[in-house]
Amino acid sequence: MEQRHLGRTGLRVSRIGLGTLTWGRDTDEHDAADLLKAFWEAGGTLVDTADVYGDGEAEYLLGQLIEGLVPRRDLVISTKAGSVPDPDRRFDGSRGHLLAALDASLARLGTDYVDVWHIHAFDPFTPLEETLQALDLAVSSGRARYAGVSNYCGWQLAKAATWQLAAPGTRTRLASTQLEYSLLQRGVEREVLPAALDLGIGLLPSSPLGRGVLTGKYRQATPAGSRGASEHMAPFVAPYLDDTATRIVDAVTIAADGLAVTPLQVALAWVRDRPGVAAPIVGARNAHQLTAALSVEALSLPDEICRALDDVSAPLHRYPDHDWSTL
């Protein structure tokens with residue numbers, strides 16, 4: 001699998017990442033082992049997790065598989081901290097919480113360091129410089145090799161990255177930012193992606209297949225056993241089952257038919273090769289789904305197909321995102 005630099009750093013990652021959102025919940029240890037082995041054998045290196053996935057079980061499962069199945073040195077492990085199970089405060093970006101969460105993640109993963117450590121979301125109740133200091137301490141102590149953020153909007157990302165570049169002392173440059181990005185969700189193009197490109201931050205798209213909808217599986221009905229049929233995941237899929245999504249999925253399907261490939265391959269190739277993207281994170285639930293996603297490696301979409309997909313899925317961005325003189 002082709003390797004790419006993560007932002008403006010020396011770290012290289014596989015251009016498709018393996019997500020573990022369902023590990024320890026919908027994906028058991030046997031399926032997790034099959035997923036990791038298939039990913040590694042295909043040349044994949046980037047494995048993304050978080051301390052809250054499966055209430056910590058995702059990290060624990062990954063830790064059990066490291067060395068016994070896949071050598072630690074062959075993986076680029078990314079995890080996240082900051083989400084908390086508190087209805088009154090969903091995110092805790094305090095230095096104390098973050099560093100304690102990192103130590104707990106390392107214990108579950110059974111490793112001395114993570115390759116990339118992300119702040120899971122912006123915490124409006126903690127000074128940003130305190131949150132960022134946790135990243136500095138994690139890297140300077142060797143517990144994390146690189147640092148990034150997740151679910152930061154444009155101004156939050158720009159402020160955080162600029163602080164790290166401009167503040168006095170030794171600060172850790174942001175290597176990456178992780179947000180949802182697909183043909184069904186192009187909101188990052190408004191402000192986040194331009195900021196990331198300007199600041200040299202690599203984008204790691206989550207849900208690159210539109211929460212599974214871009215595979216075309218929901219065109220006629222909701223398949224049994226799919227996320228859309230799951231009680232706890234159905235609300236996650238539902239926003240992408242409207243008329244707008246249907247129009248985009250139809251266009252992806254037409255493109256796939258013309259190229260003699262699958263809608264999954266078309267949708268994944270589109271987001272993988274967008275400017276600023278380092279590696280889409282694919283959250284396959286079993287090895288069969290992952291193999292289908294990894295088959296995109298040899299596919300590059302023709303320019304005319306990309307333009308057609310861009311047009312049918314284009315979000316409405318007006319002032320001040322476009323040149324005001326053209327409005």
Looking at [X] and [Y], what are the two nearest heavy atoms and their distance?
X	Y	result
Leu46	Ala279	CD2-CB, 4.0 Å
Ser176	Val116	OG-CG1, 3.7 Å
Leu204	Ile281	CB-CG1, 4.4 Å
Leu69	Ala33	CD2-O, 3.3 Å

Pair [X]-[Y], side-chain donor/acceptor within less than 3.5 Å:
X	Y	result
Asp242	Thr244	no
His118	Thr79	no
Trp23	Asp31	no
Gln265	Thr262	yes
Arg274	Tyr181	yes
Arg89	Thr126	yes
Gln164	Arg173	no
Ser150	His120	no
Ser206	Gln178	no
Asp51	Ser105	no

Is a side-chain N or O of [X] found less than 3.5 angstrom from the main chain of [Y], in a donor-acceptor match?
X	Y	value
Arg72	Leu75	yes
Lys80	Thr49	yes
Thr162	Lys159	no
Ser14	Gln3	no
Asn151	Ala121	no
Ser182	Gln185	yes

Flag yes if [X] and [Y] sit in one hydrophobic cluster, no otherwise; membership is Ile, Leu, Val, Met, Phe, Trp, Tyr, and two members link when side-chain heavy atoms are under 4.5 Å apart.
X	Y	result
Trp117	Val149	yes
Tyr60	Leu106	no
Val266	Val213	yes

Calculate, to the nearest 0.5 Å, the distance between atoms [atom1] and [atom2] belonging to [X] and [Y] respectively.
X	Y	atom1	atom2	result
Ile201	Leu203	CD1	CG	10.0 Å
Thr253	Ile248	OG1	CD1	11.5 Å
Leu184	Ser207	CG	OG	10.0 Å
Leu174	Leu157	CG	CG	7.0 Å
Glu191	Gln156	CD	CD	10.5 Å
Leu35	Leu18	CG	CG	6.0 Å

My understanding is that only residues two or more places apart in sequence, or in another chain, count here; which of them pass side chain to side chain donor-acceptor pair (under 3.5 Å) with Ser313?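 If we apply the side chain to side chain donor-acceptor pair (under 3.5 Å) test to Ser313, skipping adjacent residues, the hits are Arg186.
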Between Asp273 and Arg4 (salt bridge meaning N to carboxylate O under 4.0 Å), is one present in this structure?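 Salt bridge: yes.
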Can you confirm whether more than 12 heavy atoms, excluding those of [X], are under 6.0 Å from its [atom1] atom?
X	atom1	result
Asp243	CG	no
Asp55	CG	no
Phe122	CZ	yes
Asp86	CG	yes

Does the pair Arg90 and Ser83 meet the rule for a side chain to side chain donor-acceptor pair (under 3.5 Å), with working shown? CA-CA 6 Å; Arg90 293 183 59 201; Ser83 291; over 6 Å; no
Over-ring placement of Arg211 relative to Phe236, 6.0 Å and 45° cut-offs: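 Judged by the rule, Arg211 and Phe236 form a cation-pi pair.
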Please step through side-chain contact (heavy atoms from CB on, under 4.5 Å) for the pair Trp163 and Leu128, ending with a clear verdict. CA-CA 9 Å; Trp163 176 273; Leu128 181 58; 5.6 Å; no
Salt bridge (charged side-chain N to carboxylate O under 4.0 Å, His left out) with Arg143: which of Asp136, Asp103, Asp115?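 Only one option passes, and that is Asp103.
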